[in-house]
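What follows is a single structure, written as structure tokens, with notes after it.
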Amino acid sequence: MSAEFDRYARDYDDLLRDPIRDRFAGRTEFYHLRKWLVIQDLFRRRSTSSRELCWLDVGCGKGELLHLGKEHFRTAMGCDPSAEMLRECAGLAVTHQPEPARLPFDDQSFDFITAVCVYHHLGPVERVALTNEANRVLRPGGLFAIFEHNPANPATRLIVSRTPVDSNAVLLPARESRDLMRTAGLTPFETVYYLYLPQRLFEFAGKLERLLAGVPLGGQYAVFAEKCRPSGGV
């Protein structure tokens, strides 16, 4: 996967272009912003401040999500198997991830971990291994979020099927993401579906999309899970 994305790095944004995708959002930044808004909304509804938390974005690519959220965390770091993608992460704390399913960090290093559109590039064994790794580097009480394309959405499936960077992609439903988390010892507590409204409509009617968050037809989804604290521990 690292060699594949090293080849894509220079032309990555152009390779993502698709007539449906382009009509849905005038700018690629909209897709990163929607993910960041989903994260912000989660912390707001849990009445939790992220200001003292350490965040890791796994498979951070060019760091678009990190740029949006880094000022809201005590520390914000990223890792990615593609060294060429990381070259675009100027001003961010990022590190190379030599193995796609292994995280180059110590145990219990982070309070919040995201993996955005990473899992559909991994095989079944790697998916299990990466989820175990997320659990390992997550502190007790910390949160793990998997963001993925929703295979239940026909437009999503069509776009992915003709996008060069997703030529080897195997989409996974939210149910599978939850199962992976449970198998790793994490406790899924919420699934959010989003990307119902195109950019222009979302700017005026964003509240409507919140009402649809539980309907499993959005273009993408986010599954959130918690690492339980040891019983009787501090």
Side-chain angles (χ1 to χ4, degrees), residues 1-5 7-8 12-25 28 30-39 42 57-62 64-65 80-82 85 97 99-101 113-134 144-184 186 188-199 209 212-225:
M1 186 172 70
S2 59
E4 181 180 8
F5 275 82
R7 294 194 303 271
Y8 294 149
Y12 187 74
D13 290 341
D14 289 336
L15 292 170
L16 289 176
R17 296 187 66 86
D18 181 273
I20 298 176
R21 190 177 189 272
D22 293 346
R23 283 197 297 270
F24 192 87
T28 299
F30 175 72
Y31 295 100
H32 304 299
L33 176 62
R34 286 300 292 113
K35 295 173 179 64
W36 173 239
L37 291 177
V38 169
I39 292 170
L42 174 81
D57 188 27
V58 177
C60 66
K62 296 184 177 183
E64 295 94 340
L65 187 62
D80 198 284
S82 171
M85 295 288 279
Q97 179 186 346
E99 301 175 52
I113 299 175
T114 51
V116 176
C117 295
V118 170
Y119 275 71
H120 65 257
H121 294 294
L122 303 176
V125 174
E126 288 179 318
R127 290 176 180 180
V128 172
L130 181 60
T131 314
N132 287 334
E133 280 288 279
F144 179 43
I146 294 177
F147 286 78
E148 270 299 336
H149 299 313
N150 182 13
N153 184 290
T156 293
R157 290 202 311 271
L158 178 59
I159 293 169
V160 169
S161 71
R162 57 193 191 189
T163 299
V165 300
D166 288 329
S167 59
N168 297 319
V170 178
L171 302 186
L172 61 160
R175 179 187 66 257
E176 182 176 340
S177 293
R178 292 191 293 267
D179 289 344
L180 286 165
M181 290 167 157
R182 291 190 187 97
T183 300
L186 299 164
F189 62 86
E190 184 168 289
T191 302
V192 176
Y193 294 88
Y194 63 101
L195 289 183
Y196 283 98
L197 305 180
Q199 183 175 359
E209 201 163 281
L212 298 171
V215 181
L217 294 174
Q220 294 183 342
Y221 67 80
V223 176
F224 294 95

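No experiment lies behind these values; they were computed from the predicted model shown.
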#### Entry: Whether Phe147 and Phe224 hold their rings parallel, tilted or perpendicular, with breakpoints at 30° and 60°
perpendicular

### Message
Determine whether Glu148 and Tyr221 satisfy the following criterion, side chain to side chain donor-acceptor pair (under 3.5 Å), listing intermediate values before the conclusion.
### Response
CA-CA 6 Å; Glu148 270 299 336; Tyr221 67 80; 5.5 Å; no

### Message
Arg34 and side chain to side chain donor-acceptor pair (under 3.5 Å): which single residue from Gln220, Glu209, Gln199 fits?
### Response
Glu209

### Task
Give the intermediate values and the outcome of side chain to side chain contact (heavy atoms under 4.5 Å, CB included) for residues Leu172 and Ile146.
CA-CA 11 Å; Leu172 61 160; Ile146 294 177; 5.6 Å; no

### Query
What pair of heavy atoms forms the shortest contact from Tyr193 to Ala174, and how long is it?
OH-CB, 3.4 Å

## Note on the structure
Residues Pro198 and Phe30: closest non-hydrogen pair is C-CZ, 4.4 Å

### Task
Under the side chain to side chain donor-acceptor pair (under 3.5 Å) rule, collect the residues that match up with Glu190, sequence neighbours excluded.
Arg45

### Task
Could you tell me whether Arg157 atom CZ has more than 12 heavy atoms of other residues or ligands within 6.0 Å of it?
yes

### Query
At what distance, to the nearest 0.5 angstrom, does CG of Leu42 lie from CG of Leu37?
12.5 Å

### Query
Of the non-hydrogen atoms in Arg127 and Val170, which two are nearest, and what is the gap between them?
NH2-O, 2.5 Å

### Heavy-atom pair of closest approach, residues Ile39 and Leu65
CD1-CD2, 4.2 Å

### Query
Do the side chains of Pro100 and Leu130 get nearer than 4.5 Å, heavy atoms only?
no

## Note on the structure
Closest heavy-atom pair, Pro216 versus Tyr196, reported as atoms and distance to 0.1 Å, is N-OH, 4.1 Å

### Message
Under the side-chain contact (heavy atoms from CB on, under 4.5 Å) test against His120, which residue among Asn168, Val160, Asp166 passes?
### Response
Asp166

